[in-house]
Every structure is written in structure tokens, then in C-alpha cells.
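For reference, the structure is listed below as C-alpha cells.
Here the structure is a predicted model, which means the values were calculated and not measured. Nothing fancy with the numbering, it's 1 onward along the sequence.
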Amino acid sequence: MKFISKIIFTFTVLLISKTSMSQKHKVVNNKQVQKESEYYKIVDVPIPKDVKLEVGGLALTDKNQLGVSTRRGEVWIIDKPTSSNPNYHLYARGLHESLGLAYKNNGFYLAQRGELTRLEDKNHDGTADVFKTIYSWPLSGNYHEYSYGPKFDKNGDMILTLNVGWQGGGVSLVKWRGWMVKISPDGKFTPYAAGLRSPAGFGINSEGAIFYTENQGDWVGSGRMTHLEYGDFAGHVESLNWTNDPLSPLKLKPNDILEDSGMSLYDYAKRIKGLKAPAVWFPHTILGISTSDILYDTTNGNFGPFEGQQFVGDQGHSKIMRVYMEKVNGVYQGAAFPFAEGFSSGILRMIWGNNNNMFVGMTSRGWASTGKKQFGLQQLVWTGKTPFEIKTMKALDDGFLLEFTKPVNKKMAEDLSSYQMTTFTYKYHKTYGSPIEDQQKCMVHMAKVSEDGMSVKLMIHGMRLGFIHQIEIPKLTSKTGELLLHNKGYYTLNQVPGGELKSPQMMGSHKPKKTIHQPKRITTMPSDWGEHGADEKLVVGTVPGLKYDVKELTIERSSKIQLTLNNNDDMLHNLVITKQGEQVPIKVGELAQNLGLKGPELNYVPNSDMVLFHTGIVGPESAETIYFNAPKEPGVYWMVCTFPGHSYSMRAKLIVK
């Protein structure tokens, strides 16, 4: 019977692969995507040309039809969504940017900007004729007040999250912005947890625990996932404006939180009752830049060897990460790994189909993504082959236990030089984002391989509570000679078994943060320019959607240039001037994306002769001015933002005459 199932499964994969080849979209052609596709294939779900499917939510009906809510206020029902010719039917329209969708009791539930709504087709004509408001909340009109959900908990109540607004920083202008809330089917409203900034994704595990993902910004050093319990405060201060309300489970006030404590969130949480440290950090630009949906692997092994683990989408980098979560001393924590990239647009929603394939819903309008399409719907399909991966990473009181998906080469796995570990953290402060802080190397003191070769116990010197532990194993192979498909993992260590950390500390390993001189970043006017100063003074601004506010600038060759980057956006940007060549800014952007933990201190500017001049990283509502002599050679040069993921769309011509 297993043999017959395998034949059917293989035939299905081949059929889907053939379907995917017929689609016009081609996945970004890079080596990593090609390697991943041997195990997990990205397959387009065809979308009619007249449908703008900017996915906000996904839900399966009782008839295995796929419901899709969109940012344009529509709900579509797709019949036979896994076929090469799915049928689209408009179920509802006129809604206000629905960024979530659930199906229960013959109807859809969704969050509009200002209310939770139930849609139902009473007369069975395929179109919603009942739009019932379950609960509504106030709006200020701020563009950044997104609302997400719902998801049903085990009691049948609905969980939603409410984005803060934006006015030069996150703001909660009306009640419950920055909160997770719970609403019963009959409309009872309960504020559940506070401190959220941009909570686009959340999920509920088999034990009923709720987790949410967060995007880097003010009060948020990097992307992260936090376990939220009733009355928790996740860190963004604006939500505390409403703790005087009788419904609030918190009593904290905004002035209880220092704008710059000089501490990490983990350390500051020891001082502030209710402040919750993340269970998992996603290092910014390394594991995405805009975390989104959470999807648990509930496929009983029909999607590979990761049953029970979490998949986390990323809108900005059009990729999916994988999370192994464990509970240590009653506290959730775990490791994040890369999983799959190369999707056609920015990932916002993920859901399982009835065939155990993953539907991935996407949108990028106004938000931008490495996947260049404005929207998309794709499937991620397991080919039946098992990749060689770090399956789990479990905390010990003196190291980590690594479990693999295949037996390791024992000789290589026992070689201590196979492993590299670095610890680091982020600042908790009001400033937008955080540089990597307090980075230190660890020492792998011992590597003990299990008899079956499926796990390795590492004894580590230099582990630190409250820090992210990056493990890198670039050369380890399986018993049959395969390299790891992804050789890095990032464990957030909040607890160790038994409660006492027994990892010896690396005495004298702490080094003061070094200042790196970048000679191509000149921020003071050269003294030899004299009283006259610059020949030309240029200003480049930013606009939403990862764009500069100019498409091209023209300057005279050899002229003295003063250029100011004004960042009016709500994201981090830089401006790098490159040599001529249409592909040069893309190549420079790719080099920047590969800088890893060194990226922030280098302003995400690689040391390359393709780079001529550049600014540093400029935060929202900030500016930086640089000075340079224009190239002597006429031609078309480029201005590009090399913050990881931005170079695909954020560039402009610099024409030298």
C-alpha cells in the first residue's frame, strides 16, 4: 500500500511540476533557489488577467474551495485551486482592506480596517448576501492602521491584531491600536495583550499558546516572534496609552518605560513586570525584513521531516523561514532557520491545501518585495525527497543538541573546526531598529555524535542567556556526502534546562565596539573645496514602495557634488553610487545581502570597486549629506539602496555629462 501511495505521490509532483513550467512566471534564478527546488517546488496558481489578487487572507471552505480576501476589499472563491485551470468566483466586494480570513459555520470571517465581519451566502447563489458586523473599533484615518485576522482559538473565540499608526514613528491615535484582542462570536470584546507594532502574523499551537510575529521598527530591534499570554506587554510603548481603560489587563503607563535604557529587551524585561522577551529573533536582513504569517506543520509528515514546526513568511524578502520551538522551564524559545525563497511577490499568508501542499498568498503594492510581482498565489510542494538539514536545535545547560534529518559523516561531525558559533543581541529603545550589539565568539569544546549519526551534542564555552546564538556548519556533510541545504541556525536562549547556565564564560573575549572607517562615505565638506564649496547641491528623497523620489539626476563630470538623502519613509535606507552598467546595482545589492552579521556596521555597503560613494544607513524622518567629486568619465551611473532586498526596486540613474 505504501508503494502504491508513493507512485501516486510521485505522479502528483510530476504533474504539478509540468503545470508550473507552463506558467509565465519564472522563479529568481539563483543557486539557493535551484538547490531548494530539488526538495520543495514553487508552483504558480493561475490568476485571471482581470483579477488583482492582492492577497490579504486565505481560508479553505468545507468544499475544499480556497477563499481569498484582498487588500482591494474583495473576497474570491477559487474552485479546484490545485488544478491547471482553477475557477474564480467573486464572493464579496466593497470591504475595507481585509488582511485576514477564516471560515466557520458556512461563512467567512474577516478583519476590515475598522471591524470584524461575518459574510454568508444565505440564498446559495455563490455571492455573500449577509455582511454582519461582529464588533467594530475606532479609526483615526492614519494609513498605517492595518487590522489582521481572525484566527479561532480552542474556545471558538476570534483573535485579531491591530497595527499602530505612523507619524514619524509608531502612534496609537485611537483605542486598542497596538493590541492583540479577542472577540467572541456574539461580539464580546477583550483586550488581550499590548505592545504590538506591526503584527501581521500570528498563530495558535496545539496547546492553545498564541504567538505573533513582529516587524523591525521603533521599539523593535529586529524581526521576532513572541509568545503572548493574557496581560503581556510585547514592548511597543504607544499601546500603553489605553491602559486606563477598565477593560485593559495592564496597568503599565508610557512613562514607565525608558526611551533608551541601554539594555536588551531580555534584560529590561527583568525590571518591568509584564514585559515579554521574544521566544525567537529573526536577525534583520539575514532572516527576512518583514515577518508575516505563522503556519504550523500539521501534515503528519506529508510535507517533509518537520512535523509540528512553524513556517514563518517574510513579505519583504519573499521567503519562508522555519522555526523549531521548545519549552524550557515553562518558557517558549527556539531556533530559526532559512527554508525556502524565490517566491513571486511579498508573502503575507500561508495555508495548507487538502493535498498537504502549502498555498502562499502574496502582495507587494506599496510595501515592495524581492519578488517583483505586485501580487501572486503559489503552492509550495514537497517533492518527496528529504533534504539534509539541521532538524532541531535544543538548549542544554552547557551547549546544544543538534538533530539532523539524515545521518552525519561522523568524522566530520566530531571535528570541532566544523562548527562556528557567535552570540549577539539587539538594543531595546525607541529608535527605529537596532544595530547588532555585544557580538562575541563562542568556543565549541566538544562534539559527541550519537551512534546512529542523527544527532550531535555540542559542549559550548561562551553561551549567554538573553542572546541569539548563531550556529554555522559550512562543511559538514551527511553520511552519503550531501552538504547541509541551509548551514546556519539562530537560537534565542532565554532559559536552560535546570535553570542554571553551566557553559564556561569566555573571559576577556568581550571587545569594545569598533568604528569602521569607510573612505567612500565623506560626510564633511573637503577643506580644499574652499569658500565656494560644492558646484551642485542635490537632494534625493524617499517615497513608499521602496523608491527614491527621482528617477534620474544629471551632473557635470568632475564637478564638486553635495548630495543629501532625506528619508521620508518609515523604513531604513541608504544611497550608494555605483559604476556604470545596468546590472551593477543588482550585483552590489546581492553583495550587501551576503554581509551577514557584519552588514549593520558596514551600513550594508560591500567593499567593492563597483561602489564609488555612499551614505550611511539613514533612519525614518532623518537625513545624511555626503560630498564627492563627480566621475571624470561621462555616462549613466546608478544610485541604489543596498539595504538587503531594496536594490531590486530602489534605484535611479545618475547621468554624468
Side-chain angles (χ1 to χ4, degrees), residues 5-6 9 12-13 32-33 35-43 201-207 209 211 213 225 227 279-282 287-288 291-314 319-327 332-343 347 349-360 378-395 400-408 450 452-456 471 473 476 478 482-492:
S5 299
K6 184 71 174 178
F9 177 80
T12 303
V13 170
Q32 187 59 39
V33 171
K35 290 177 184 177
E36 291 168 351
S37 66
E38 183 178 344
Y39 309 98
Y40 293 92
K41 289 187 178 296
I42 299 173
V43 180
F202 54 97
I204 305 171
N205 72 7
S206 58
E207 298 177 354
F211 297 83
T213 59
M225 181 192 297
H227 169 223
V280 171
W281 286 96
F282 301 101
L287 289 180
T291 47
S292 58
D293 215 3
I294 300 172
L295 182 65
Y296 282 87
D297 187 342
T298 56
T299 65
N300 295 313
N302 289 305
F303 194 72
F306 307 114
E307 172 69 16
Q309 297 192 24
Q310 298 164 305
F311 297 109
V312 178
D314 190 82
K319 66 169 62 171
I320 296 173
M321 289 82 73
R322 174 173 61 88
V323 171
Y324 167 74
M325 189 77 73
E326 62 178 343
K327 206 172 187 180
Y332 283 104
Q333 60 186 37
F337 306 91
F339 182 68
E341 56 186 282
F343 291 87
I347 296 173
R349 296 288 169 249
M350 304 177 297
I351 191 175
W352 296 115
N354 66 340
N355 57 359
N356 294 310
N357 294 340
M358 183 191 296
F359 284 109
V360 181
Q378 295 179 310
Q379 292 183 82
L380 188 62
V381 181
W382 183 40
T383 66
K385 295 182 179 180
T386 298
F388 179 44
E389 294 273 41
I390 306 171
K391 182 178 180 180
T392 69
M393 184 174 180
K394 298 178 179 179
F400 291 97
L401 178 66
L402 304 180
E403 295 177 326
F404 296 87
T405 57
K406 295 181 178 181
V408 298
S450 65
D452 61 5
M454 295 297 288
S455 65
V456 180
I471 182 76
I473 321 174
L476 179 65
S478 67
E482 296 173 74
L483 284 168
L484 285 163
L485 183 59
H486 301 98
N487 59 36
K488 292 180 183 178
Y490 299 84
Y491 192 101
T492 301

Tell me whether [X] contacts the main-chain N or O of [Y] through its side chain, where contact means a donor paired with an acceptor under 3.5 Å.
X	Y	answer
Thr492	Gln333	no
Thr383	Glu38	yes
Ser450	Ser455	yes

Answer yes or no: is there a side-chain heavy-atom contact under 4.5 Å between [X] and [Y]?
X	Y	value
Glu307	Thr299	yes
Leu380	Phe343	yes
Met321	Thr291	yes
Gln32	Leu485	yes
Asn300	Asn356	no
Trp352	Leu295	yes
Leu287	Trp281	no
Met325	Met225	yes

Could you measure the distance from the [atom1] atom of [X] to the [atom2] atom of [Y]? Nearest 0.5 Å is fine.
X	Y	atom1	atom2	value
Glu389	Lys406	CD	NZ	10.0 Å
Thr213	Gln310	OG1	CD	10.0 Å
Ile347	Ile320	CD1	CD1	4.5 Å
Asn205	Lys327	CG	NZ	8.0 Å
Thr405	Phe388	OG1	CZ	6.5 Å
Thr392	Met454	OG1	CE	10.0 Å

Report task. Would you check, one step at a time, whether the test ring-ring contact (aromatic ring centres under 6.0 Å, His included) holds for Phe337 with Tyr490? Result -> CA-CA 7 Å; Phe337 306 91; Tyr490 299 84; 8.4 Å; no
Requested in this report: Take the angle between the ring planes of Phe303 and Tyr40 and call it parallel below 30°, perpendicular above 60°, tilted in between.
Outcome: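 Correct class here is tilted.
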Query raised in the report: With under 30° as parallel and over 60° as perpendicular, where do the rings of Phe339 and Phe311 fit, or are they tilted in between?
Result: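 Taking Phe311 first and then Phe339, their aromatic rings sit tilted (interplane angle of 30° to 60°).
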Which heavy atom in [X] sits nearest to a heavy atom in [Y], and how many Å separate them?
X	Y	value
Thr386	Pro305	CG2-CG, 4.0 Å
His227	Ala209	NE2-CB, 3.7 Å
Glu36	Ala340	OE1-CA, 3.4 Å
Ala336	Val280	CB-CG1, 3.9 Å

Requested in this report: Show your working on side-chain hydrogen bond (donor to acceptor under 3.5 Å, both in side chains) between Asp297 and Gln309 and close with a plain yes or no.
Outcome: CA-CA 6 Å; Asp297 187 342; Gln309 297 192 24; over 6 Å; no
**Report entry** Intermediate values then yes/no, side-chain contact (heavy atoms from CB on, under 4.5 Å), Asp293 and Val312
**Finding:** CA-CA 6 Å; Asp293 215 3; Val312 178; over 6 Å; no
**Report entry** Stepwise salt bridge (charged side-chain N to carboxylate O under 4.0 Å, His left out) test for Lys319 and Asp314
**Finding:** CA-CA 5 Å; Lys319 66 169 62 171; Asp314 190 82; over 6 Å; no
Under the rule for ring-ring contact (aromatic ring centres under 6.0 Å, His included), what residues qualify as partners of [X], not counting sequence neighbours?
X	value
Phe400	His469, Tyr491
Phe359	none
His486	none

Requested in this report: Test side-chain contact (heavy atoms from CB on, under 4.5 Å) on Trp382 and Asn357 and set out the steps.
Outcome: CA-CA 7 Å; Trp382 183 40; Asn357 294 340; 6.0 Å; no
Requested in this report: Given side-chain contact (heavy atoms from CB on, under 4.5 Å), test Leu476 with Leu483 step by step and report yes or no.
Outcome: CA-CA 6 Å; Leu476 179 65; Leu483 284 168; over 6 Å; no
**Report entry** Step-by-step side-chain contact (heavy atoms from CB on, under 4.5 Å) determination, Gln379 to Ile42
**Finding:** CA-CA 6 Å; Gln379 292 183 82; Ile42 299 173; over 6 Å; no
**Report entry** Sub-6.0 Å ring centroid separation between Tyr324 and Phe306
**Finding:**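 They do not qualify: ring centres at least 6.0 Å apart.
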